[in-house]
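This report refers to the structure that appears directly beneath it.
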Protein chains: 2
Amino acid sequence: MAQAAQTGQCADCPIRHRAVCSKCDADELRELEAIKYYRTFEAGQAVIWAGDDMGFVASVVSGVATLTQTMEDGRRQMVGLLLPSDFIGRPGRTRAAYDVTATTQVILCCFRRKPFEALMVDTPHIGQRLLEMTLDELDVAREWMLLLGRKTAREKIATLLAIFLRRGGGIPGPSLTSREFDLPLTREAMSDYLGLTLETVSRQMSALRKAGVIELVGSRHVRIPDIARLMEETGDDSDGGMLV
Amino acid sequence: MAQAAQTGQCADCPIRHRAVCSKCDADELRELEAIKYYRTFEAGQAVIWAGDDMGFVASVVSGVATLTQTMEDGRRQMVGLLLPSDFIGRPGRTRAAYDVTATTQVILCCFRRKPFEALMVDTPHIGQRLLEMTLDELDVAREWMLLLGRKTAREKIATLLAIFLRRGGGIPGPSLTSREFDLPLTREAMSDYLGLTLETVSRQMSALRKAGVIELVGSRHVRIPDIARLMEETGDDSDGGMLV
DNA sequence: TGTGCGATTTGATCCGGATCAAAGTCCCAA
DNA sequence: TTGGGACTTTGATCCGGATCAAATCGCACA
């Protein structure tokens, strides 16, 4: 959205700018235009369940959705956090592999699968853009694996807050050292993200509050008085994550 | 390798068949041929370190290598297991993001980056193939996240053994219910894969041995007397993993 | 045939996060 | 304005896996 605003183009649908057409070439956009439609989901609503037929691919226009995997006995792990401009679905796959759930109101820009795939064949740079995005997602997944496998509960929470900070707004400059925002996830969804229980998430949020790393207004609004201080808690190399 | 043998083509270099050229079209292969070269690494040898300049992309011809991430204090997490036909490197990235290490003798089929990227522009189906492979890797990463976040130590070990079983040989048919193989990883590398300590890996291997789920010949050779029994231990839906 | 060293196993103990339980808070609807 | 329900916090206790420590195995090499 921020980028769209900067270029003055494609204000209503990020996929034009970021997901498919990095140059906004007119001809290809006309094709995409013809097969796109919008859908809105309310907070808590399921977009699709794993195993369901999925006749579309989509780009998140606004709001937050999650990708989760569930084991037979109910253990759950989030495997994707979908923020505006993120892509949902995969060409060539007709059944959803994961549960997709809106955690806030979400607007999706959908493309029917078949025409989208046909368009990809004719338009190499849609495929190129999708490759770039998928490689970025793979990097995200690998950072996430380090978090799940090796970080402590406290580091996990700090890292998640840093991720919201990074993805929610611009990159903080030297003059901007504090930030505040609303958490788009419940404590339970945070626990699904981090591989913890919701009680541990709550306890560690309290611990970070008591340590002065964060301030809480209600349970969902967070203020970070000192971003550098938060980054120290993540276990990551100093501001490595913020520089990418 | 198995597939290459089946088609009777591309016996020496899997990238021809699986990584880049799913059809083995002659013209494109000639181009690839011109920029490819082989490198061999011994067990334990580093292929490249995170942050190093990386002038090539490559396909694993034989052997096993790993992708690992390390935190400042030494905590380590494996984020990729590279088996024959897997691809290393990413177009457009000049510095390695992860440590790559050979865990057995490894032969790589390398392509110098620049010519490879140039070739990708002219040859859409190389890009398409790479997109498919990257999407598959993303699915692997997401399964791995579920393992790291939610599985018990015993389930983790059983899952890893099942992964070796699946990727090491063909898909077991109804008549083939047992299998044996050499572990390509040390206990320590297994612990880096699973987000455990090496002591826990060793203990759980012993536990599975005592329970009759596996048999050990020395510490590295494993026999699985009953694959279905092993699958029960993984925590996954019954044989879901074997059917893909 | 030792000898030394890395890899592995096993034992004892500790601790971080899970589990079980009970309040507390907030918000919406009647 | 109050009652109910979802979400969150906090407390008490437990337990799986980490940590610290010490054998044991296996093998290349003198």
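Because the structure is a prediction, the values reported are computed rather than measured. Chain letters run A, B, ... following the sequence lines, proteins first and then strands; every chain starts at 1.
Although no hydrogens or angles enter the test, the distance criterion places no donor-acceptor pair under 3.5 Å between the side chain of B:T103 and the main chain of B:L185.
A:L216 has its CG atom 12 Å from the P atom of C:dC26, to the nearest Å. As a whole-Å value, the separation of B:L208 CG from C:dT10 P is 13 Å. The CG-C1' distance, from B:L185 to C:dA7, rounds to 14 Å in whole Å. The interatomic distance linking A:M205 (CE) with D:dT9 (C1') rounds to 12 Å, in whole Å. Spacing between atom CD of B:E188 and atom P of C:dT9 amounts to 13 Å, rounded to whole angstrom units. Atoms CZ (A:R187) and P (C:dT25) sit 15 Å apart, rounded to a whole Å.
The side-chain contact (heavy atoms from CB on, under 4.5 Å) test applied to B:T200 returns B:A153, B:L196, B:T197, B:Q204, not counting sequence neighbours.
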*Determine, stepwise, if the pair A:L146 / B:M71 fulfils side-chain contact (heavy atoms from CB on, under 4.5 Å).*
CA-CA 9 Å; A:L146 176 66; B:M71 294 171 70; 4.0 Å; yes

*When every nucleotide of nucleotides 11-27 of chain D is labelled 5' to 3' by its protein contacts under 4.0 Å (heavy atoms), B for base, S for sugar-phosphate only, - for none, what sequence of letters results?*
BB----SSBB-------

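B:S202 comes within 4.0 angstrom of a base, heavy atoms only.
Here A:R203 does not pair with A:E199 in a salt bridge; the nearest charged N to carboxylate O distance is not below 4.0 Å.
The aromatic rings of A:Y37 and A:F56 sit perpendicular to each other, their planes meeting at more than 60°, with 30° as the lower class boundary.
Pairs of residues two or more places apart, or lying in two chains, never qualify as ring pair (Phe, Tyr, Trp, His ring centres under 6.0 Å) while including a residue from residues 57-78 of chain B.
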